[in-house]
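The next block holds one structure in the form of structure tokens; read it before the comments.
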Amino acid sequence: GSNTTETHPVIGYRVRRARKKGAKLIVADPRPIRLSEEADVFLQLRPGTNTALLLGMAKVIVDEKLYAAEFIEQRCKDFDEYAASFADISLEEIGDITGVPLDQITRAARIYAETKPAAILYAMGITQHSHGTDNVMALAHLAMLTGNLGVRGGGVNPLRGQNNVQGACDMGALPNVFPGYQPVSSPQARSKFEQAYGTGLSSQPGITMTEMFKEALTGSLKALYIMGENPMLSEADLGKTAQALEKLEFVVVQDIFFTETAALADVVLPAASFAEKEGSFVNTERRVQKVNKAITPPGEARGDSEIISALAAKMGMTGFDYATSGDVMVEIASLVPNWAGISYARIEDEGGLCWPCRDSEDPGTPILHTRGFLTKDQRARFTPIAYAPAQELPDDEYPFVLTTGRVLYHFHTGTMTRKSQGLNTLHENEKVMMNAGDAQRLGIVQGGPVRVTSRRGEVEAVAELREDMQEGTIFMTFHFVEACANVLTNSAWDPKAKIPELKVCAVRVASL
């Protein structure tokens, strides 16, 4: 679920470097990617069947007793119940569901179980499903089964969709926690923040972004303040997203460029880019790193924290009078135990620190879970999982599966990269990647115009034919407003994480 070399090029380079040094490589993806060319095993599964594939690998490890018995005994619980759940799972059925030959599933399971240490890297090809939480749990189970947690070179490593998503989550940009993942339901955590902020705080979790658009459609949400996000291209089912934004009474957009979402806003606040302000970023390994201001923001643009503080002052709030961004870091250290030892001086001198870093002498924590897990008994729990198909599957009217992603030359909704003439020259328009045999049957030619239609809308783009694409599967991006795949995608979501099923929906394709 990660096209690593194109969407996370630095990590992709390190994977390739490790491969050249002899590391084993398993790639699981519905379409061929750069890394699948170098992989020991390429598991080309059908979109939306990740859970089944991972259950198949786990069954091989359990049935062949390739698991790390000592690690499981000392660090985990409920293994017997979990192992018993595979009695009703057939590898032949797994093969039929995923489209992956059984010998490849078996080989991948053996390589992962027998090679130590082994790391799992995953991205939104795993999470953006109506069963995304199950996918992540299944990955965690593989690492638990094989003892690949709490060790250097192991772990389950999520590759974030945008830079500093990790930092935003660390700072409480989630509906159920304060900064540092301290639950809003915790009286102790709430009391601490109430004293620091001089105000009362709710014990009830908020709602996720996907829920916000749903609430806007019902009229129960009246206003939205959108920062550094362009939901008019990034959200599933853009027709419904547009309706939600238009129904809101008041919309504020804060961004560095005038986006498609900004066009629907009542107020647009020009923000500064990363190079125009001082602050910190947190990367995939939880390393807090300093960013220094290189140039002055243009025109009326201001840093995000400056804008927020100015708004707070206008609203009569106190406590937002930070002289520098370093003052913000001091406040973070005072309220977030895992950041208590982090300061601007230290991250500049030491090249960054991995949290948890609990005091000024703490060198940070590059590897999590070396002694125990963040549970009451410090044990990881095995939980049986069942495969569930995607919410929308192909039928006679919509016989293809659309899966989405990114390409090397553009990023996310194109807010920045499509301002670059050079990048537009390298990749100037949306392409519908599809199997050459499927295209021939439909009278579609290489570079020819096609129309892709789902139950939610239609877009027009050009065909890119590939012999190695799966039959019945097409791939598109959401970089291009002229033909954005999210006009087509399904807004059904995972009941736990509330993330939309952006990676699977049913479509039809026709030549123009």
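Counting from 1, the numbers follow the sequence of the chain as shown. Basis for what follows: all heavy atoms, side chains included, without hydrogens, waters or symmetry-related copies.
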Q: Assess whether side-chain contact (heavy atoms from CB on, under 4.5 Å) is satisfied between Ile474 and Val401, documenting all intermediate values.
A: CA-CA 6 Å; Ile474 69 169; Val401 171; over 6 Å; no

Got a sec: does the [atom1] of [X] have more than 12 other heavy atoms crowding it under 6.0 Å?
X      : atom1 : result
Arg152 : CZ    : no
Glu73  : CD    : no
Glu458 : CD    : yes
Tyr409 : OH    : no

Any side-chain donor paired with an acceptor under 3.5 Å for [X] and [Y]?
X      : Y      : value
Asn230 : Thr261 : yes
Thr51  : Asn135 : yes
Gln162 : His412 : yes
Gln204 : Ser202 : no
Thr106 : Asp103 : no

Interatomic spacing from [atom1] in [X] to [atom2] in [Y] - rounded to 0.5 Å:
X      : Y      : atom1 : atom2 : answer
Met57  : Arg110 : CE    : CZ    : 12.0 Å
Ile11  : Ser2   : CD1   : OG    : 8.0 Å
Thr404 : Lys503 : OG1   : NZ    : 3.5 Å
Thr4   : Ile33  : OG1   : CD1   : 5.5 Å
Leu159 : Thr127 : CG    : OG1   : 10.5 Å
Leu402 : Cys505 : CG    : SG    : 4.5 Å

Is the closest basic N to carboxylate O distance between [X] and [Y] below 4.0 Å?
X      : Y      : answer
Arg16  : Glu37  : no
Arg466 : Asp468 : yes
Asp395 : Arg455 : yes
Asp78  : Arg381 : yes
Glu460 : Arg451 : yes

pair [X]-[Y]: side-chain heavy atoms closer than 4.5 Å:
X      : Y      : result
Phe475 : Met434 : no
Thr413 : His479 : no
Leu149 : Met144 : yes
Gln44  : Met469 : no
Leu488 : Met476 : yes
Ile226 : Leu245 : yes
Arg287 : Leu353 : no
Phe213 : Lys240 : no

Main chain of [Y], side chain of [X]: is a donor-acceptor contact present, judged purely on distance under 3.5 Å?
X      : Y      : value
Thr365 : Leu368 : no
Arg46  : Asp96  : yes
Arg371 : Gln378 : no
Asn490 : Glu501 : no
Ser186 : Ala189 : yes
Ser491 : Asp237 : no
Thr146 : Leu142 : yes
Gln470 : Leu45  : yes
Thr7   : Asn3   : yes
Glu430 : Thr477 : yes

Q. Mind checking whether Phe86 and Tyr82 have ring centres under 6.0 Å apart?
A.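 For Phe86 and Tyr82, the ring centres are under 6.0 Å apart.
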
Which pair of non-hydrogen atoms, one from [X] and one from [Y], has the smallest distance, and what is that distance?
X      : Y      : answer
Ala390 : Val504 : CB-CG1, 3.6 Å
Leu502 : Ala236 : CD2-CB, 3.4 Å
Pro187 : Ser185 : CD-O, 3.3 Å
Leu408 : Pro9   : CD1-CG, 4.4 Å
Pro117 : Val151 : CB-CG2, 4.3 Å
Thr417 : Asn424 : O-OD1, 4.4 Å

Could you check whether the rings of [X] and [Y] sit parallel, tilted or perpendicular, using 30° and 60° as the cut-offs?
X      : Y      : answer
Phe382 : Phe79  : perpendicular
His131 : His129 : parallel
Trp355 : Tyr181 : tilted

Q) Within 45° of the six-membered ring axis of Phe480 and under 6.0 Å from that ring's centre, is NZ or CZ of Arg418 located there? A) no

Q: Tell me, please, whether Phe411 has Arg406 positioned over its six-membered ring: NZ or CZ under 6.0 Å from the ring centre and within 45 degrees of its axis?
A: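 Satisfied, under 6.0 Å and within 45°.
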
Q. What do the steps show when you test His141 against Leu54 for side-chain contact (heavy atoms from CB on, under 4.5 Å), and what is the final call?
A. CA-CA 9 Å; His141 288 158; Leu54 298 170; over 6 Å; no

Q: Please report the C-alpha distance between Ile26 and Asp40 in whole Å, then the side-chain angles of each, then the deciding distance to 0.1 Å, and finally whether the side-chain contact (heavy atoms from CB on, under 4.5 Å) criterion is met.
A: CA-CA 6 Å; Ile26 302 164; Asp40 292 278; 5.6 Å; no

**Q.** Candidate list Arg160, Arg286, Glu285, test side-chain hydrogen bond (donor to acceptor under 3.5 Å, both in side chains), partner Gln166, passing option
**A.**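 Among the candidates, only Arg160 passes.
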
Q: Decide side-chain contact (heavy atoms from CB on, under 4.5 Å) for Arg379 and Cys76; before the verdict, give the C-alpha distance in whole Å, the side-chain angles of both, and the deciding distance to 0.1 Å.
A: CA-CA 5 Å; Arg379 288 175 173 264; Cys76 306; 5.6 Å; no

